[in-house]
K.L.:
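If you scroll down you'll find the structure; I have some questions about it.
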Amino acid sequence: MRARDMHPLCCITSDSPGFGLGARSPSDSDEVPASAPPLSDGDRAQSTSVAGILYKWTNFGKGWRPRWFVLRDGVLTYCKIRQPELVAPPVEGGSMRLIGISGGSRSAGDGLKVVGVVHLKISSFRESKSDDKRFYIITPGKTLQLRTDSAKDRVAWIEALVAARSESFLNDSCGINPNDTCFSTERLRSRMRAEGLGETFIKDCEKIIQAEFSQHFAQMRARYEDYLSFLGTFPQQMEGFNLEGRTTRIDDDRVELIKNEFSSSVHGKYSEYSNTESSEDIDQKQEADELSEEDDLCYFDSRQSFSDFAFSTSPKIANVNSGDILPSLLTKRRTKLPDPIEKEKGVSLWSMIKDNVGKDLTRVCLPVYFNEPLSSLQKCFEDLEYSFLLDRAYEYGKMGNSLMRILNVAAFAVSAYASSEGRLCKPFNPLLGETYEAEFPEKGLRFFSEKVSHHPMVMACHCEGRGWKFWGDSELKNKFWGQSIQLDPVGKLTLEFDDGETFQWSKVTTTIHNLIIGKVFCNHHGTMNISGNRQYSCTLKFKEHSFLDRNPRQVQGFVHDKSSGAKEATLIGRWDDSMYSTLNDDASISNSCALAQQNNTLLWKKNGPPENPTRYNLTSFAIALNEITPDLKERLPPTDSRLRPDQRYLENGEYEKANAEKLRLEKRQRMSRKLQENGWHPKWFQRTSESSTFQYIGGYWEAREQRNWDGCPNIFGEFSDDSSTAAENNSKS
């Protein structure tokens, strides 16, 4: 039997019609002359092919684009075309069936290059219920969103796809047929006769050989059937993966592939092919047109084979935006702040702070016009917007790649500063004992923070992710120098993976410039040392601002081997844009960011701006942090930042009420020092010594589940001396 090159996954021979359409025209199909002997099942091509023009969704910039699709031998290929009305290949004696084509003047094979290949054995199909011309092809590596010219054409295409997929399994083109595997023992007979052996002995030997071969054939057949069964499960499994995992997208020169946990419950919502969609599916498609570019599904022309996607052992995964998940599978979060009720009044900053030069700004009472509708506790959670970097670092560590783990940890440490770009308003200073919780199932995150000290002002936080824990406390020392404010954070941040590897680092200095004259901006500068308890450590240098610097906001650094001191990797980028890495490069790095585009691995890329910008320049992630729903409100303790009235009034644009509430709470804040001196201690965090880090002691999420908030005072309510005494008693109990 003629040996044929087989596709490793889809059982399609490389010389089958339709495989590599760009190299051959429809006239080159494998037709058998009348005088030729009939082909076996393994060599026979499909008798009918289907072709036609479908409109494929590409992106929001280009929209729907026409593509020439050819379905042949269980393989769907498509090419780019410029003038659909001119493309209509001749029908080859009935072997090519055209859908939606009325006429044309040139062959589909003339100058058309294949840009995508879909193997139907590992694909599934769905029709859109909201649009009778649209349908979807779901594959392991991509999702094609297609549209026909009419509802009738859609029915014809779906029927053709389902039939071709069924035939591709029934027609075992790479099957093991006993008739094709016959062998001759004539040479064995001749050799044994030459040795003078008798016919009886020769026949016995033949029987033994045939028995062994039959047993071997049975094993091969069983393996082959298991292989077909394995392929048959891919459409359902990978459809669930595509629905629950983050979407695959091409961004310039990088392919973004996302790993995400998924449950088997979603698999039951869809079949391999269904004429209807679930209600969730309808919502997905209707919302898809309304999403911003960063939140939308991405459909693209892919040249990657499924084998490269599914079985690649390389963990080199590009940047993932936190919003790249289907909305109907997540908790729906808001994308804009409420419209302001009142018109905002202008206030001179200099008139407010001219008498406070050189003082601690945290003790200066400013009106709400200089605040953003978030507390400092919520700002702590903003540092975890790009937590997927820690998920990725955990996966690298599981694969034994400690170097890529620390590179992703370093990128995460830098990404915490990305949200500060353009954020010119200060967050609310939390009250003593104020807390904030955040639960993001789509990110695998559960975060909690508490203000644990008023003077000095210290906030502690604890977060649990997929295979890691993150905690720390931060005391912010600041000085106002007239034209600028300098913020010096004090405290350690700790990251611990489930395998025991830990990293610690401290934040760098932040300076806000041009408070009085010029355009206000902030810059982060200093050296960040990320120390690990195993093989590697990392040093990052945040470049200090200079008026002569043409490339500001740069971050440069190295990863060191702690045992040898050798530089194992280089990092370069900008804290407001992206970070890149280069392995095994001890050469000095250039001051130009152009190096980051040359043969370097992208570790992190900042998310795009929100669809609905705010005057506070909040990110899409930050806009959702202060959202409160009736269901969530019932579960929150009375100390949660979302319940703070002045912050809520500011968010709603009720500035007069916000100012009045802020003044009331400032009076209550002045009692905090007395409470602290009288033995007050935080409820959810503690530390072993004055120099150690506050650590979460547990119990919050259990109390939340039971909705038992005994010992949590209503710190935002009316305050009196009696309530102060009660609070002191609660803190000591």
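Every heavy atom of this structure was used, including side-chain atoms; hydrogens, water molecules and symmetry mates were not. Just so you know, these numbers come straight off a predicted model, no measurement behind them.
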K.L.:
In terms of side-chain geometry, is the basic nitrogen of Glu382 or Arg423 positioned less than 4.0 Å from the acidic oxygen of its partner?
P.N.:
yes
K.L.:
Once you round to the nearest 0.5 Å, how far does NE2 of His545 lie from NE2 of His524?
P.N.:
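The NE2 atom of His524 is 13.0 Å from NE2 of His545, to the nearest 0.5 Å.
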K.L.:
Anything under 30° is parallel, anything over 60° is perpendicular, the rest tilted; go ahead and classify Trp709 against Trp684.
P.N.:
perpendicular
K.L.:
Any chance the rings of His513 and Phe521 have centres within less than 6.0 Å?
P.N.:
yes
K.L.:
Would you find a donor on one side and an acceptor on the other, under 3.5 Å apart, between the side chain of Arg668 and the backbone of Ile715?
P.N.:
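Yes; judged by distance alone, with no hydrogens or angles, the pair exists.
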K.L.:
Any heavy-atom pair between the side chains of Leu445 and Glu464 that's under 4.5 Å?
P.N.:
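SC-SC contact between Glu464 and Leu445 ruled out.
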K.L.:
For residues Ile623 and Thr614, determine if any side-chain heavy atom of one lies less than 4.5 Å from a side-chain heavy atom of the other.
P.N.:
yes
K.L.:
Does Arg553 use its side chain to pair, donor to acceptor, with the backbone of Gly573 at less than 3.5 Å?
P.N.:
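No, because the side chain of Arg553 does not come within donor-acceptor range (under 3.5 Å) of the backbone of Gly573.
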K.L.:
Determine yes or no for a side-chain-to-main-chain donor-acceptor pair under 3.5 angstrom, with Gln669 supplying the side chain and Pro430 the backbone.
P.N.:
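A pair under 3.5 Å: yes.
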K.L.:
Is the Phe448 ring parallel, tilted or perpendicular to the Trp701 ring (thresholds 30°, 60°)?
P.N.:
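Rings of Phe448 and Trp701: perpendicular, over 60°.
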K.L.:
Is the number of heavy atoms from other residues, nucleotides or ligands within 6.0 Å of CD (Glu702) greater than 12?
P.N.:
yes
K.L.:
Counting N and O atoms only, with roles assigned by atom type, does the side chain of Asn659 sit under 3.5 Å from a partner on the main chain of Val368, one being a donor and the other an acceptor?
P.N.:
yes
K.L.:
Do Met528 and Thr539 touch side chain to side chain, with heavy atoms closer than 4.5 Å?
P.N.:
no
K.L.:
For residues Leu571 and Cys538, report the shortest heavy-atom separation together with the two atoms involved.
P.N.:
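Looking at all heavy atoms of both residues, the shortest contact is CD1-SG, 3.9 Å.
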K.L.:
Looking at Lys605 and Asp577, is there a salt bridge between them, counting it only when a charged N and a carboxylate O are closer than 4.0 Å?
P.N.:
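Lys605 and Asp577: salt-bridged.
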K.L.:
Is any side-chain N of the basic residue among Arg704 and Glu437 closer than 4.0 Å to the acidic one's carboxylate O?
P.N.:
yes
K.L.:
Answer yes or no: is there a donor N or O on one side and an acceptor on the other, between the side chain of Arg648 and the main chain of Glu651, under 3.5 Å?
P.N.:
no
K.L.:
Okay, side chain of Asn408, backbone of Met404: is any donor-acceptor separation there less than 3.5 Å?
P.N.:
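Yes; judged by distance alone, with no hydrogens or angles, the pair exists.
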K.L.:
Spell out, as yes or no, whether a donor-acceptor pair under 3.5 Å connects the side chain of Tyr386 to the backbone of Asn607.
P.N.:
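Yes: the side chain of Tyr386 pairs with the backbone of Asn607.
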K.L.:
How far apart are the C-alpha atoms of Arg642 and Leu636, what are their side-chain angles, what is the distance that settles it, and do they pass the side-chain contact (heavy atoms from CB on, under 4.5 Å) test?
P.N.:
CA-CA 9 Å; Arg642 297 178 183 88; Leu636 293 176; 3.8 Å; yes
K.L.:
Could you check whether any side-chain N or O of Lys443 sits under 3.5 Å from a backbone N or O of Glu385, counting only pairs where one atom can act as donor and the other as acceptor?
P.N.:
yes
K.L.:
So, does Tyr696 use its side chain to make a donor-acceptor pair with the main chain of Tyr700 at under 3.5 Å?
P.N.:
yes
K.L.:
Please walk me through it: do Ser402 and Tyr396 pass side-chain contact (heavy atoms from CB on, under 4.5 Å)?
P.N.:
CA-CA 7 Å; Ser402 299; Tyr396 275 118; over 6 Å; no
K.L.:
Could you tell me if the side chain of Trp468 sits less than 4.5 Å from the side chain of Ser387, heavy atoms only?
P.N.:
yes
K.L.:
Is it the case that Glu501 and Asn533 place a side-chain donor and acceptor less than 3.5 Å from each other?
P.N.:
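No, no side-chain donor-acceptor contact under 3.5 Å.
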K.L.:
For the atom pair NZ (Lys662) and CG (Asn371), what is the distance rounded to the nearest 0.5 Å?
P.N.:
5.0 Å
K.L.:
Could you tell me whether Asp391 and Arg466 have a side-chain N and a carboxylate O separated by less than 4.0 Å?
P.N.:
yes
K.L.:
Does the side chain of Arg574 come within less than 4.5 Å of Pro552's, by heavy atoms?
P.N.:
yes
K.L.:
Hey, does Phe447 have a side-chain heavy atom less than 4.5 Å from the side chain of Leu384?
P.N.:
yes
K.L.:
For Lys492, does the NZ atom have more than 12 heavy-atom neighbours from other residues, nucleotides or ligands under 6.0 Å away?
P.N.:
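Correct, the count exceeds 12.
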K.L.:
Do Asp646 and Leu665 touch side chain to side chain, with heavy atoms closer than 4.5 Å?
P.N.:
yes
K.L.:
For the pair Arg664 and Glu661, find out whether any cationic side-chain nitrogen is under 4.0 Å from an anionic carboxylate oxygen.
P.N.:
yes
K.L.:
Any idea how Trp471 and His462 line up, ring-wise: parallel (<30°), tilted (30 to 60°), or perpendicular (>60°)?
P.N.:
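Rings of Trp471 and His462: parallel, under 30°.
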K.L.:
Just so I know, are the side chains of Leu374 and Phe428 near enough to count as touching, which here means a heavy-atom distance under 4.5 Å?
P.N.:
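No. Closest side-chain heavy atoms not under 4.5 Å.
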K.L.:
Please step through salt bridge (charged side-chain N to carboxylate O under 4.0 Å, His left out) for the pair Lys398 and Asp498, ending with a clear verdict.
P.N.:
CA-CA 10 Å; Lys398 285 173 59 178; Asp498 285 355; over 6 Å; no
K.L.:
Between Glu372 and Lys426, does any side-chain N to carboxylate O distance fall below 4.0 Å?
P.N.:
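Looking at Lys426 together with Glu372, the answer is no, because their closest N to O distance does not fall below 4.0 Å.
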K.L.:
Start with the C-alpha distance between Leu403 and Leu583, add both sets of side-chain angles, then the distance that settles side-chain contact (heavy atoms from CB on, under 4.5 Å), and finish with yes or no.
P.N.:
CA-CA 9 Å; Leu403 181 56; Leu583 303 183; 3.7 Å; yes
K.L.:
State which residues pass ring pair (Phe, Tyr, Trp, His ring centres under 6.0 Å) with Tyr436; sequence neighbours excluded, sorted by chain then number.
P.N.:
none
K.L.:
Where the side chain of Arg405 meets the backbone of Tyr394, is there a donor-acceptor pair that is under 3.5 Å apart?
P.N.:
yes
K.L.:
Is the Phe412 ring parallel, tilted or perpendicular to the Trp505 ring (thresholds 30°, 60°)?
P.N.:
perpendicular
K.L.:
Any salt bridge linking Asp640 with Lys633? Criterion: basic side-chain nitrogen under 4.0 Å from a carboxylate oxygen.
P.N.:
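The answer is no: the pair does not qualify as a salt bridge.
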